[in-house]
Amino acid sequence: MDTSRNTPSNFIRNIIDEDLASGKHKGIVTRFPPEPNGYLHIGHAKSICLNFGLAEDYQGTCHLRFDDTNPEKEDEEYINSIMEDVHWLGFDWGDHLYFASDYFDKLYEFAVELIKQGKAYVCQLSADEIREYRGTLTKPGKDSPYRDRSIEENLDLFERMRSGEFEEGSHVLRAKIDMASPNVVMRDPTLYRIRKIAHHRTGDKWCIYPMYDFTHCLSDALENITHSICTMEFENNRPLYEWILDQVYPEPHPRQIEFARLNLGYTMMSKRMLLQLVNEGIVESWDDPRMPTLSGLRRRGYTPAAIRDFCERIGVAKANSLVDMAFLEHCLREDLNANAPRTMAVLRPLKVVIENYPEDQIEELDAVNNPQDPEPDTRKIPFGREIYIEQEDFMEDPPKKFFRLAPGREVRLRSAYFITCTDVIKDEAGNVIEVRATYDPNTKGGSAPDGRKVRATLHWVSATNSLPAEVRLYDSLFTVEEPSIDALAEQLNPNSLEVLTNARVEENLAQAVPGDKFQFERQGYFCVDKDSTKGNLVFNRTVALRDTWARTNK
RNA sequence: UGGGGGAUAGUCUAAGGGCAGGACAGAUGACUUUGACUCAUCCAGUCUAGGUUCGAAUCCUAGUCCCCCAGCCA
């Protein structure tokens, strides 16, 4: 039994424990086998954490293997992004980087072996005909007229498929299993098809490419994988996985174990949908901060530690599930609360003039960087006669439970002084455009020597000694918890991005570079976007702080 | 309606004959120079119906509902 960490038990660990206890395996080897046809998303993170995490816990190894058997859809760009994302998440495959395409020669030999055993044949039915012959879910299929060719003829035909003699679609290699099997996967599945396309790694060497079912089990076996963990939709393919290995590969065989893929509320994990969002310009790119891709989450400000923690805490099971986005956000906040330095930023500024504060005076005040640190350090922040506070922190006519600034009321400015609102200045339309106040010089640092209390502490920045910034606020991409790919248009959230261009941030942020993460006090966690430059700071809101006031206010 | 898989609080997940436990969400309170964090308390569950048993979420029988499979995709 594994007791080295707090990971909750799950059925996969139970299987591994049994296999180790029975002596079936001395150690474990897992693998993460992405097809390089898209960017990795949070669902892949679950699989990555599972496979690499299991290998770590059991002192085994985990391979990164690109399942690149379909040159039509695959691309070098994806290979690079996948490697970057896996590393970013915090995992390392060491020397164990593999490509299914590296096995094409061996795979071809296994196919020949199958033919020699009389268990595979070259079929000249068209794709449509094969579908017809396959039968339906309730009706058995019927044998292909090419099913009983001689071994010699099959060998010859397969060799000629390989040499490029035949057109795409004219011939395929099929396993000879059982056209009447209740499991349609077993009705003489296609093993090889002709595709006269260059492969991104093997170039023009091949014009026939092996199918997933043939490739995957043998790749696992060739790499001595012990536990081949995949998602539930491959459960029907497991008999084929085992059948192929039984015919051509010596024991022990890798064992395929299926688990339920991750579904997250208010987003979607299908590669097809993500590709569509990018292609139709609904989002900016694969790494748009609203995307559930790892590159999108990274740009949004998510941390690898938070994602790993999340993947561990959601557990692993076989039942369909829909995980609450709030849980991901909880894991994120937990990490960021401990690690993100605090700063002050005013998103929607409202000017406050402190009438009894000397004009042209600026003083440096000390502010704590992260009160969660055991020994917090401080920074200097400039304070002056004119400051900005958040528009929503002032109300001329406040309701009962509003603790913030209002006419005649005293509040604390974080790390600065108590101020009392003395007057309100409005424009012609009646909007509050400025607040006048007085400060109490005896409350420097934020506490009153006479012990008097205030209900609220506001964040603020100096009006003169602060920096302009653009702030991008994000919301979920969809308005429904379980969006369906067919109703994408109606279910898109038109307000998934809100850009604030008048924000002000502490001048300490002048040196911030893309990827830097901060807590904007009382508001949330923000990170510097890659669009940000020295003269034009851009921040993404990673996640807002929990806000009970907003909730009771609703 | 063939085959495969699944069902435990609103959500995710433990317990595999012996006290249904944890986390998220929600509620209340305490604390607070972030209406944050933290802490405390509370709310809330074994798909249904039978059976076996001293005892069933767990074993048996029969149902119900949900997911997957008919690519020369993975």
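In what follows, chains are A, B, ... by sequence order, proteins preceding strands, each numbered from 1.
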Counting any heavy atom closer than 4.0 Å, what does [X] reach on the DNA or RNA strands: base, sugar-phosphate only, or nothing?
{"X": "Arg313(A)", "value": "sugar-phosphate"}
{"X": "Phe259(A)", "value": "nothing"}
{"X": "Ile130(A)", "value": "base"}
{"X": "Gln519(A)", "value": "base"}
{"X": "Arg174(A)", "value": "nothing"}
{"X": "Arg195(A)", "value": "base"}
{"X": "Ala127(A)", "value": "base"}
{"X": "Ser415(A)", "value": "base"}
{"X": "Val368(A)", "value": "nothing"}
{"X": "Ser447(A)", "value": "base"}
{"X": "Pro33(A)", "value": "nothing"}
{"X": "Leu137(A)", "value": "base"}
{"X": "Tyr212(A)", "value": "base"}
{"X": "Arg131(A)", "value": "sugar-phosphate"}

Between [X] and [N], does any side-chain N or O lie under 4.0 Å from OP1 or OP2?
{"X": "Arg522(A)", "N": "G35(B)", "answer": "yes"}
{"X": "Arg551(A)", "N": "G26(B)", "answer": "yes"}
{"X": "Thr548(A)", "N": "A36(B)", "answer": "yes"}
{"X": "Arg261(A)", "N": "C68(B)", "answer": "no"}
{"X": "Arg134(A)", "N": "C72(B)", "answer": "yes"}
{"X": "Ser126(A)", "N": "C72(B)", "answer": "no"}
{"X": "His459(A)", "N": "U34(B)", "answer": "no"}

| message | Please convert RNA chain B into dot-bracket. A pair counts if it is Watson-Crick or G-U wobble with both distances under 3.5 Å; crossing pairs go in [ ] and bases paired with another strand get |. | response | .((((((..((((....[..)))).(((((.......)))))....(((((..]....))))))))))).....

| task | Tell me, please, which residues at least two apart from Glu223(A) pass salt bridge (charged side-chain N to carboxylate O under 4.0 Å, His left out). | result |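 Glu223(A) satisfies salt bridge (charged side-chain N to carboxylate O under 4.0 Å, His left out) with Arg65(A) once adjacent residues are dropped.
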
| query | Should the pair Asp366(A)-Lys380(A) be classified as a salt bridge under the 4.0 Å nitrogen-to-oxygen rule? | reply |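 Salt bridge between Asp366(A) and Lys380(A), a charged N being under 4.0 Å from a carboxylate O: yes.
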
Rounded interatomic separation in angstrom, taking [atom1] from [X] and [atom2] from [N]:
{"X": "Asp393(A)", "N": "U34(B)", "atom1": "CG", "atom2": "P", "answer": "13 Å"}
{"X": "Glu258(A)", "N": "G3(B)", "atom1": "CD", "atom2": "C1'", "answer": "14 Å"}
{"X": "Asn237(A)", "N": "C67(B)", "atom1": "CG", "atom2": "P", "answer": "19 Å"}
{"X": "Lys139(A)", "N": "G2(B)", "atom1": "NZ", "atom2": "P", "answer": "14 Å"}
{"X": "Asp128(A)", "N": "A70(B)", "atom1": "CG", "atom2": "P", "answer": "15 Å"}
{"X": "Phe327(A)", "N": "C24(B)", "atom1": "CZ", "atom2": "C1'", "answer": "6 Å"}

Show each protein N/O and nucleotides 4-9 of chain B N/O combination with a separation under 3.5 Å, one pair to a line.
from: G5(B); atom 1: O4'; to: Glu235(A); atom 2: OE1; distance (Å): 3.2

| said: Short of 4.0 Å, heavy atom to strand atom, which residues of residues 186-193 of chain A count as contacting RNA chain B? | reply: Thr190(A), Arg193(A)

| request: Under the ring-ring contact (aromatic ring centres under 6.0 Å, His included) rule, collect the residues that match up with Phe99(A), sequence neighbours excluded. | output: Phe66(A)

| request: Taking ring-ring contact (aromatic ring centres under 6.0 Å, His included) as the test, write out the residues that go with Trp286(A), two or more places apart. | output: Tyr39(A)

| said: Quick check: on RNA chain B, is the nucleotide nearest Pro210(A) upstream (toward 5') of the one nearest Gln372(A), or the reverse? Name the residue that is more 5'. | reply: Gln372(A)

| query | Mind checking whether Tyr212(A) and Phe234(A) have ring centres under 6.0 Å apart? | reply | yes

| query | Looking only at atom P, what distance separates A62(B) and C67(B), rounded to whole Å? | reply |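 Taking atom P in both A62(B) and C67(B), they lie 24 Å apart.
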
| said: Of the options C69(B), G26(B), G35(B), whose atoms approach the side-chain atoms of Phe403(A) most closely? | reply: G35(B)

| request: Please name the residue in the list Lys73(A), Glu72(A), Lys271(A) that meets the side chain to side chain donor-acceptor pair (under 3.5 Å) test with Asn37(A). | output: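 Output: one option passes, namely Lys271(A).
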
